[in-house]
Amino acid sequence: MRAFIDSIHEGVARVLLGDDESLAVEMPLDWLPEGAAEGKALRVLWELDEEETFCSRKAVEDLYDALGDAP
Amino acid sequence: MRTETLRRETRFGVILFLCAVAFLAAFEQTAFASTLTVRVLDVGQGDSIFVGFPEGGAMLVDAGTAEAGPKVVEALRSLGAEKIDILVATHPHSDHIGGMLVVLDAFSVGKVWDSGYVHGTRTQQLFLEAVRDRNIRFGRPKAGFSEEFQGVLIEVLAPVKPISGTNSDANNNSIVLRLSFGEVSFLLTADMEKEQRRTVRRFPETTVLKVAHHGSHNGTDARFLEMLRPKLAIISCGAENPYGHPHREAVALLEEAGVDLFTTIGGDVVVETDGVAFTVRKAVAPEKPEAAGTDPIIGNRSSRVFHVSSCDGLPSEKNRVYFKSAKEAEKAGYRPCGRCVQ
């Protein structure tokens, strides 16, 4: 996916996503790779992380077990 | 003899008068204390519903997004809530439980009702951890569970059974509540979609409907409305939200059914009832906090950075969140702007 660094202000980067740049996302600058600067294009790759999905669900299941069920 | 009769009659009259005064005083007190208030808060795109019970108890059904959390706390405080007796997390989407941490920090909570749906987000984990760490009574009520609280019958109509394989299993495992007070009832449908709707054999007639899923086309259908026959419907959604809520199909169905329709766009929707009749009004919130003489703290809901109002790097109006203090902003997860906040 195409992304473009539109602006950087106070450590916050405004990144425009998609070919039509229809979605603007503001994020901490330190989330971006070194050398990130206004006017730089980014390549964004989204991947499913099944391991993290499993771990996150397991953490919630364990919390439900610990909390019990007494409405 | 006549004098004695007169004295006896006078004494009887005085007793009768005192009884009447006592009865009227008790009646007046009961009448004063017999209002149920359901206030659907304007939390932008999300859900948060405050229920004020006849004897002063409080229930909060969902807490909006993390950004809306401080606003929910402020609203509850302004309504005089000191404690939340029942806190309901209808399902774990962030626009329903994102504000829970701020609420749990601000109020003592009697018990939590949760859908029990395993979503896995950090938002859900942090919420459940906060409940655990505070030793709050916790339950996952299912259809058939009911409780009478301060003269109001609270019934759980869903979840009937776990639902999977839908476009949004989180929505389809929502807690759906019915509140009945005298002849007036409320159906709080959370984000229930058609798959969950089909698992409920029959929805009883309902006076006031909190429309499901922010007025989405999948939250309402004609058969559902025929069963409910609501007089009033309330849609909780934000202005110009990216989902197009409320969808025109849902609005058309409600209009065809002759239901009075309110949305939370621009203000809370407040319904009050004595159990016989009800009133509804829109409580329009001021656009900015009226903190005369104090400098409001302005957060950027995207970057989660907060500024003082004189900062030259303020976010656009649509991205602004107002706080009373830097402390409140930090509590809501915002960090200070490096330039303007000392």
Side-chain angles (χ1 to χ4, degrees), chain A residues 1-42 44-71, chain B residues 86 88-89 92 110-142 144-147 154 156 170 175 177 242 300-307 311-316 318-319 335-341:
Chain A
M1 176 185 277
R2 183 184 188 275
F4 204 89
I5 304 175
D6 182 44
S7 67
I8 296 174
H9 182 71
E10 295 298 329
V12 177
R14 180 180 165 86
V15 178
L16 307 177
L17 291 175
D19 289 339
D20 58 356
E21 299 183 344
S22 58
L23 182 63
V25 181
E26 288 167 322
M27 63 183 75
L29 179 60
D30 57 15
W31 287 12
L32 296 178
E34 206 174 309
E38 286 190 10
K40 291 269 188 183
L42 299 162
V44 181
L45 183 64
W46 302 98
E47 283 182 332
L48 289 177
D49 186 341
E50 298 297 355
E51 190 181 345
E52 180 57 27
T53 303
F54 175 83
C55 291
S56 300
R57 290 178 60 85
K58 180 74 170 57
V60 170
E61 283 165 2
D62 289 348
L63 281 163
Y64 275 130
D65 286 344
L67 283 161
D69 185 6
Chain B
I86 307 170
V88 184
K111 61 183 169 187
V112 168
W113 289 348
D114 181 279
S115 68
Y117 177 76
V118 176
H119 193 35
T121 54
R122 196 76 191 119
T123 303
Q124 185 182 28
Q125 285 182 38
L126 290 171
F127 165 56
L128 295 175
E129 283 171 5
V131 175
R132 180 198 60 192
D133 294 347
R134 286 164 176 76
N135 288 316
I136 300 170
R137 184 175 157 187
F138 181 88
R140 288 166 270 173
K142 306 285 185 292
F145 174 85
S146 67
E147 177 175 322
I154 308 169
V156 176
I175 293 181
L177 295 174
N300 182 329
R301 70 173 81 241
S302 298
S303 66
R304 303 185 72 76
V305 171
F306 68 85
H307 312 260
C311 183
D312 58 8
L314 292 177
S316 58
K318 69 172 184 174
N319 277 335
R335 60 190 171 84
C337 166
R339 196 160 54 184
C340 69
V341 181

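All chains are named by letter (A, B, ...) in the order of the sequence lines, taking the proteins before the strands, and each is independently numbered beginning at 1.
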Asker: In terms of heavy-atom proximity below 4.5 Å to chain A, should R335(B) be classed as side chain, backbone, both, or neither?
Answerer: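 Contact with chain A is through the side chain of R335(B) alone.
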Asker: Around atom NZ of K40(A), are there more than 12 heavy atoms of other residues, nucleotides or ligands at under 6.0 Å?
Answerer: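 Open.
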Asker: Short question: side chain of R137(B), backbone of D69(A) - any donor-acceptor pair under 3.5 Å?
Answerer: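 Not at all, since once roles are kept as given, no pair shorter than 3.5 Å links the two residues.
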Asker: Minimum heavy-atom separation for R140(B) and G68(A), please, with both atom names.
Answerer: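 Scanning both residues, the minimum pair turns out to be NH2-O, 3.1 Å.
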Asker: Looking at F138(B) and Y64(A), what are the two nearest heavy atoms and their distance?
Answerer: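 Minimum heavy-atom contact is CZ-CE2, 3.5 Å.
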Asker: Measure E129(B) against the heavy atoms of chain A and call it side chain, backbone, both or neither at under 4.5 Å.
Answerer: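 For E129(B), the contact with chain A is made by backbone and side chain together.
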Asker: Can you tell me which portion of N135(B) sits under 4.5 Å from chain A's heavy atoms? Options are side chain, backbone, both or neither.
Answerer: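 For N135(B), there is no contact with chain A at all, as no heavy atom is under 4.5 Å.
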Asker: Taking atom CG of L128(B) and atom CG of D62(A), what is their separation to the nearest 0.5 Å?
Answerer: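 It is 11.0 Å, given to the nearest 0.5 Å.
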Asker: Please classify the contact of L67(A) with chain B as side chain, backbone, both or neither, using a heavy-atom distance under 4.5 Å.
Answerer: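 Backbone plus side chain of L67(A), per the 4.5 Å heavy-atom cut-off to chain B.
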Asker: Heavy-atom pairs under 4.5 Å with chain A - which of I136(B), D114(B), V112(B) has more of them than the others?
Answerer: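 Heavy-atom pair counts peak at D114(B).
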Asker: Which heavy atom of E147(B) sits nearest a heavy atom of P71(A), and at what distance?
Answerer: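 Minimum heavy-atom separation between E147(B) and P71(A): OE1-O, 4.2 Å.
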Asker: Less than 4.5 Å apart, side chain to side chain, heavy atoms only: is that true for E26(A) and N300(B)?
Answerer: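 Yes, side chains in contact.
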Asker: What part of V156(B) gets within 4.5 angstrom of chain A, counting heavy atoms only: side chain, backbone, both, or neither?
Answerer: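 For V156(B), neither part sits under 4.5 Å from chain A.
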Asker: Kindly indicate whether the side chain of V60(A), heavy atoms from C-beta on, has any atom under 4.5 Å from the side chain of H119(B).
Answerer: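 They are not in contact (no side-chain heavy atoms under 4.5 Å apart), so the answer is no.
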Asker: Examine whether an atom of V118(B) lies under 4.5 Å from a heavy atom of chain A, and if so say whether it belongs to the side chain, the backbone or both; otherwise answer neither.
Answerer: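 For V118(B), heavy atoms of backbone and side chain both lie under 4.5 Å from chain A.
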